[in-house]
Number of protein chains: 2
Amino acid sequence: MADVADKAGVSRALVSIVFRNQPGASQETRERVLRVADEIGYRPDSAARLLARGRSRTLGVMFTVHQTFQTDLIEGIYPEAERLGYDVLLSAAVQGRSEAKAVEALLGHRCEALILLGPDADAGYLDALGQRAVTVSVSRRVPRARVDFVHSAESKGVRQAMDHLVELGHRRIVHIDGGRGPGSAERRRSYRAAMRRHGLESEIRVIPGEHTEQSGIETGRLLLAERDRGLPLPTAVLAGNDRCAMGLLMPLARAGVEVPRDLSVVGYDDSHLSHLMPIGLTTVRQDAVLMAEHAVRFAVERLENPQLEPREAVLDPKLVVRGTSGPPPGEAS
Amino acid sequence: MADVADKAGVSRALVSIVFRNQPGASQETRERVLRVADEIGYRPDSAARLLARGRSRTLGVMFTVHQTFQTDLIEGIYPEAERLGYDVLLSAAVQGRSEAKAVEALLGHRCEALILLGPDADAGYLDALGQRAVTVSVSRRVPRARVDFVHSAESKGVRQAMDHLVELGHRRIVHIDGGRGPGSAERRRSYRAAMRRHGLESEIRVIPGEHTEQSGIETGRLLLAERDRGLPLPTAVLAGNDRCAMGLLMPLARAGVEVPRDLSVVGYDDSHLSHLMPIGLTTVRQDAVLMAEHAVRFAVERLENPQLEPREAVLDPKLVVRGTSGPPPGEAS
DNA sequence: TACTCGCACTAGAGCGCGCTAGTAGAGCGC
DNA sequence: GCGCTCTACTAGCGCGCTCTAGTGCGAGTA
């Protein structure tokens with residue numbers, strides 16, 4: 001910075017002013033300073049800036065690599081953060097790197113707020129986090145924790161999907177749940193409620209699973225094994241999310257079970273992959289961009305107005321009918 | 001920190017020593033300092049620490065969200081970095097956020113080294129970057145730029161794939177290239193060379209594309225439209241990467257073209273999705289974990305020994321035969 | 001006694017910025 | 001000419017830490 005100041009023939013303070021885009025420098029000087037900085041390859045040091053200013057204007061985002069819906073969210077987070085003048089730092093939870101570790105890394109880099117995409121941690125931990133920093137949880141509801149919360153109305157999404165299937169004539173509809181995955185509990189509950197509402201209480205079946213392709217594959221194998229033992233296949237499956245639905249399709253296709261002729265499959269999320277499958281996945285769309293924008297705005301607003309209480313945003317999901325759902329076998333279409 | 005020092009009756013320097021776990025303080029004092037710090041709720045400020053120490057021990061990783069192979073790489077980067085005592089910061093290039101911006105963010109947060117996953121930037125920019133910070137490029141070769149380089153031997157991978165197809169009896173093999181995508185140029189060149197080597201020079205056809213599902217879908221539509229005009233379909237397609245291959249399968253399936261009976265498809269990368277497709281994608285495996293480890297090690301070693309010259313690691317890819325490749329139509333299997 | 005050595009600890013100079021309080025000079029009205 | 005304001009710019013402190021170069025002291029050695 002001193003080098004830039006010398007070479008541009010101004011004081012360090014003026015360079016600072018230019019880089020913060022603050023009034024107090026002529027247009028001419030501004031350009032000269034920026035040009036010199038570019039030549040030297042100078043870049044403001046955020047650590048020093050942070051130290052001097054006390055604020056980092058940085059949002060930390062914790063996500064799970066491979067969760068396609070979360071990468072969709074990230075795409076929405078960047079532009080909104082930039083619009084509001086905030087920087088974004090990403091930290092991934094992966095195999096062998098827990099959420100807590102990912103979060104510590106963010107905090108260690110002085111993020112002012114945390115945006116957690118589908119956190120798996122317990123409410124106590126999240127509440128403690130919420131006391132320490134502004135925290136937003138996306139896709140996971142955490143009652144009584146001091147965190148903002150952005151999710152979509154799982155019950156509405158599930159209801160739409162179930163109504164769609166029942167209208168097509170399905171009765172034997174099973175649900176692969178998402179285990180501890182975000183939104184799973186609500187989806188499971190809503191599935192049960194929908195079955196009861198349609199008088200299908202006796203057909204309720206929840207197969208434990210996860211939000212992964214592997215889980216879908218395993219469920220597929222399970223169902224096929226049952227069929228081979230003489231049990232009937234369900235006529236429709238409501239998967240925990242799109243990845244699970246995609247996994248499910250693999251063993252089915254291999255075994256010659258045709259979708260949707262023999263079996264209908266509905267996913268959840270409408271992640272960017274779901275319309276890329278051979279016949280397009282019928283799924284429940286959550287608007288990732290909108291969710292991302294809400295999350296960023298919640299964080300920033302609470303940062304700039306600390307007495308604000310955490311809020312909750314519930315967005316409406318929407319069923320997207322594509323190629324994997326149709327009338328059950330035995331019914332004319 | 002001063003408060004802790006006062007209350008514990010020592011100097012700030014000693015508190016610093018205690019918190020850095022360095023020799024130079026008695027066990028007794030150590031405990032007293034830690035106890036007092038805990039009472040006050042003192043935590044070292046990493047921004048100040050960073051500033052004072054001059055080293056951040058942080059690696060910055062630039063990646064493209066949605067490139068599944070890159071997320072596979074990220075999974076490999078974390079554990080290796082942790083093993084070597086380095087922190088990792090992620091920055092994504094997305095629509096509307098260029099690579100340069102993503103890199104600036106990393107540099108601004110004082111990353112000591114940059115690991116760029118499949119960078120798209122030109123050699124001049126990368127060289128400039130390499131002068132300024134230790135830089136590693138993964139999957140993209142940048143001749144004469146001051147960067148380390150980790151990639152796999154594209155020519156070997158393509159040759160294996162092509163030999164496989166030719167052995168099966170294919171002659172009309174087209175290649176969807178990856179445009180400016182990492183490795184595309186080499187793959188394209190190797191495809192041409194392999195065709196010539198097999199005496200198929202007259203059959204060479206490279207369809208321009210990208211490393212996206214969308215590109216595969218468009219190519220599929222193009223080929224189908226040609227077929228409808230009476231032109232023959234190719235019997236095999238070597239896609240630019242797995243995503244492109246997956247996209248290609250969609251319009252084919254819709255149009256009733258059966259894979260691999262009517263058409264063989266080979267991908268590239270073996271990203272974690274390729275074995276999750278209905279019939280498993282035949283593809284060229286690049287070992288993401290190994291590549292990630294090399295990248296981290298290159299960065300760290302050059303950081304700790306600055307007179308080291310940038311190096312290059314070329315890993316051997318390996319063809320993985322799954323369900324999308326078979327003999328061409330008209331040949332007995 | 002005089003010395004060296006090692007240990008526990010301290011003083012104080014930065015690290016690269018932001019920010020407050022200030023100055024110099026131009027322009028203006030009276 | 002004077003005082004005033006406004007713009008463009010500067011000096012220098014301080015953010016919370018690390019690190020170098022010390023000081024003081026007791027034990028061991030000649």
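Just so we're clear, the structure is a prediction, and the values are computed from it rather than from any experiment.
Rounded to whole Å, the distance from CZ on Arg49(B) to C1' on dG16(C) is 18 Å. Counting to the nearest Å, the P atom of dC17(D) and the CD atom of Gln22(B) are 16 Å from each other. Atom CG in Asp45(B) sits about 14 Å away from atom C1' in dC17(C), given to the nearest Å. The separation between Leu107(B) atom CG and dG16(C) atom P is 15 Å, rounded to whole Å. Straight-line distance from the CE atom of Met1(A) to the C1' atom of dT10(D): 12 Å, rounded to whole Å. In this structure, Asp3(A) atom CG and dG16(C) atom P are separated by 10 Å, rounded to whole Å. Look at CG on Leu50(A): it is 11 Å from P on dG18(C), rounded to the nearest Å. Rounded to a whole Å, the CD atom of Glu112(B) is 14 Å from the C1' atom of dC15(C).
In this structure, Tyr42(A) and Phe19(A) have perpendicular ring planes: the angle between them is above 60°, well past the 30° mark.
Checking dC19(C), dC17(C), dG16(C) against every side-chain atom of Leu51(B), the shortest atom distance belongs to dG16(C).
For the side chain to side chain contact (heavy atoms under 4.5 Å, CB included) with Val15(B), the qualifying choice from Val4(B), Asp3(B), Asp6(B) is Val4(B), the only one to do so.
In a base pair of the Watson-Crick type (N1 to N3 plus N6-O4 or O6-N4) or a G-U wobble (N1-O2 and O6-N3), with each distance short of 3.5 Å, dT18(D) is matched with dA13(C). Pair check for dC30(C) finds dG1(D); Watson-Crick or G-U wobble, both atom distances under 3.5 Å.
Judged purely by distance below 3.5 Å, without hydrogens or angles, the side chains of Glu75(A) and His272(A) never pair a donor atom with an acceptor atom. Side chains of Asp269(B) and His211(B): a donor-acceptor N/O pair is absent below 3.5 angstrom, by distance only.
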(message) Apply side-chain hydrogen bond (donor to acceptor under 3.5 Å, both in side chains) to residues His151(A) and Gln286(A) and explain how you reach the verdict.
(response) CA-CA 9 Å; His151(A) 65 139; Gln286(A) 303 193 71; over 6 Å; no

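The residue Pro23(B) sits apart from the nucleic acid: no heavy atom pair falls under 4.0 Å.
Heavy-atom distances to DNA chain D give each of Ala47(B) and Arg20(B) a nearest nucleotide, and the one nearer the 5′ end belongs to Ala47(B).
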(request) Sugar-phosphate atoms are those with a prime plus P, OP1 and OP2; base atoms are the rest. Using that split, label each nucleotide of nucleotides 7-14 of chain C B, S or - for protein heavy atoms under 4.0 Å, 5' to 3'. (result) -SBBB-BB

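A distance of 11.5 Å separates CD in Glu312(A) from NE2 in His294(A), rounded to the nearest 0.5 Å.
One N or O on the side chain of Arg30(A) and one on the backbone of Ala25(A) form a donor-acceptor pair closer than 3.5 Å.
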